[in-house]
Amino acid sequence: MGWDYFAGIMHYLIPLPVVLPLFAAGVKLALGIRWPRVQQWLSVISLALVLLIGAALMVGAHMFGPQVVAVGGWEAPVGITLVADRLSALMVTVSAAVTLAVLVYSIGQGMAGKAEVAPLSVYQPTYLILVAGVSNAFLAGDLFNLYVGFEILLTASYVLLTLGGTQSRMRAGAIYVVVSLLSSVLFLMAIALIFGATGTVNMAQLGERLPEIHTELRLVLEVMLVLAFGIKAAVFPLAAWLPDSYPTAPAPVTAVFAGLLTKVGVYAIIRAETLMFPGTQLNTMLMWVALATMIMGILGAVAQTDIKRLLSFTLISHIGYMVFGVALGTELGLAGAVFYIAHHITVQTTLFLITGLIERRGGSTSLDHLGGLAKIAPLLAILFFIPAMNLGGIPPLSGFLGKIGLLQAGVDVGTPLAYTLVGASVLTSLLTLYVIARVWNYAFWRTPSEGTVAEPGTVLEDSEDDDTSTAALGPGEAVGPSSRLGATSTVDTPVVTSVVLPKSMVGATVALVAFGLAMTVFAGPLIAYSSDSAVELLQRTPYIEAVLGGSQ
């Protein structure tokens, strides 16, 4: 019975990463502000189940090949299909792990801010809808369903980004939604043109039909899709919106945005370049984009003095590594990109959560207002040091292994441009270490000046709308507009600095640090899984046959 039974129930599991968060969000909206603890547990349990299901999908996709479910019983290519192959199952699993940790963190932050009732009706349902949109994007088997996933992300992320309604967040939200809508319009135009040219939007069938159309038309369609996905992935020069949007949001929202949402764009680029446009003509252009993204992103990080903005620029630069692997178009390059995506989702999310803890303990995320945290908060120093070194690529951590794989792939290609990218990758890694070391030295080891670090009990509100800083404030003094006291989000209550950090926030951060270390401990199986995923992506046949069953 064993494995045969498991294979038989796989198609029942595929929709659940989308359905469970949506169901939980609907229940929470119906309950309103009643039974807040029950609602919190409902959210946590639903995402924990998504994590377990994602792991099961990874096992199933690895053992039995791509798994497909036809929504509503309408078979492909007519109906909507959800597909779990090795890549999508891995993305669902990693995204479920980080979103679960961020949810626990945000619950702890809300409880520390004494916001245990009203916020439930806004933040958590929206957050669960966001998770459903992410899962839908990863599992989508047709372009229009992928577009729907992106739109779910846009709607939920705009609500989360503007929580609290401060001037800086509304301004950042307006920029974010305009850029995202531009990307969505471009994507929708591409879908319409692709359907007009091929008569389908099913990605497996497009993998058969797009190579048959005229080369010039195929190139135009590919460029439109890559542009739309590139905006969402925040590649240079389409990334100017990100550093001004993400840092203004509450710490948990910034963490899940930075760690996850841009990777949905990278995932879409991988799917387009391998399944729909094999033997792409854009490899050289993508390599130049990867080069510019790495260099411009890390140079932006070097110029920053605020940890959130600094990490936002490192996020952009490390997207370049992933695009580098995709642009190479080789098995080793794709395997390195897949491994690095999983690594970076975890590490980047962890660092933003730790930045939230730094703000709660030290009263600021500005390096000018921090110092001596290693002495007063040694656990915080350890939690920062591990993922920071991982991001910098220090051996034997997973960041080092992912970069080595990408560098080897570039050397194997052996073209002058590939060698240039190898050199740029090394330079980016060294500059990443430099900016991380600067945060480490300034925030944790520098002797703080008198009055620079906020005292425990200082109420921190959104100071981005005025020029007030926390430097001269004492316990109980607030920064920023008093309207923040009426916030309606679990994560948007005024932050009060304290010696003892909330256990849920620390626990969630520790769990993500451990998850990142597990990627190093189990790097062998994960690299092998990534390599198998790359082979499957390049072969295309397993995916197409699983969806279409041999029909043309």
Side-chain angles (χ1 to χ4, degrees), residues 12-13 15-54 71 92 95-137 139 148-149 151-165 169 173 249-257 260-261 353 356 483-495 502-505 507-508 511:
Y12 294 109
L13 299 180
L16 293 181
V18 181
V19 173
L20 283 176
L22 286 179
F23 175 77
V27 172
K28 293 171 71 65
L29 287 171
L31 291 176
I33 63 174
R34 291 171 291 179
W35 304 323
R37 293 301 178 91
V38 173
Q39 291 195 47
Q40 289 172 359
W41 279 107
L42 176 63
S43 301
V44 171
I45 291 172
S46 65
L47 293 191
L49 288 174
V50 171
L51 175 58
L52 293 176
I53 292 166
V71 178
V92 168
S95 65
V98 299
T99 51
L100 175 59
V102 171
L103 176 66
V104 174
Y105 182 102
S106 63
I107 290 173
Q109 179 165 316
M111 293 178 68
K114 308 302 181 185
E116 301 184 40
V117 181
L120 291 172
S121 62
V122 179
Y123 170 72
Q124 289 188 19
T126 307
Y127 184 82
L128 291 171
I129 292 171
L130 177 78
V131 174
V134 170
S135 298
N136 186 69
L139 294 170
V148 171
E151 291 310 292
I152 294 173
L153 291 178
L154 170 62
T155 304
S157 58
Y158 180 69
V159 173
L160 293 174
L161 191 63
T162 56
L163 286 173
R169 290 182 185 174
V253 175
T254 303
V256 78
F257 279 22
L260 192 56
L261 296 194
L353 291 186
S483 61
R484 281 286 306 278
L485 294 173
T488 59
S489 166
T490 301
V491 293
D492 197 49
T493 54
V495 176
K503 292 180 180 179
S504 296
M505 297 173 68

Practice item. Evaluate the side-chain proximity of Val131 to Leu20: yes if any heavy-atom separation is below 4.5 Å, no if none is. Key: no

Check your understanding: Taking C-beta and beyond as the side chain, do Val134 and Thr99 meet within less than 4.5 Å on heavy atoms?
Key -> no

Review point. If you look at every heavy atom in Leu16 and Pro21, which pair is closest and at what distance?
Key: O-CD, 3.8 Å

Exercise for review: Of all the heavy-atom pairs spanning Pro250 and Leu160, show the shortest one and how long it is.
Suggested key: CD-O, 4.3 Å

Check your understanding: Just by distance, do the side chain of Lys28 and the backbone of Gln39 share a donor-acceptor pair under 3.5 Å?
Key -> yes

Point to revise | Ser135 side-chain N/O to Ala132 backbone N/O, donor-acceptor pair under 3.5 Å | key: no

Practice item. Mind running side chain to side chain contact (heavy atoms under 4.5 Å, CB included) on Val92 and Ile53 for me, showing each step along the way? Key: CA-CA 9 Å; Val92 168; Ile53 292 166; over 6 Å; no

Point to revise | Donor on one side chain, acceptor on other, Tyr127 and Ser106, under 3.5 Å | key: no

Could you state the interatomic distance from [atom1] ([X]) to [atom2] ([Y]), rounded to the nearest 0.5 Å?
{"X": "Leu153", "Y": "Ile129", "atom1": "CG", "atom2": "CD1", "answer": "11.5 Å"}
{"X": "Tyr123", "Y": "Ile107", "atom1": "OH", "atom2": "CD1", "answer": "8.5 Å"}
{"X": "Leu103", "Y": "Leu128", "atom1": "CG", "atom2": "CG", "answer": "6.5 Å"}
{"X": "Thr126", "Y": "Leu161", "atom1": "OG1", "atom2": "CG", "answer": "12.5 Å"}

Practice item. Decide if atom CZ of Phe23 counts as having more than 12 heavy atoms of other residues, nucleotides or ligands within a radius under 6.0 Å. Key: no

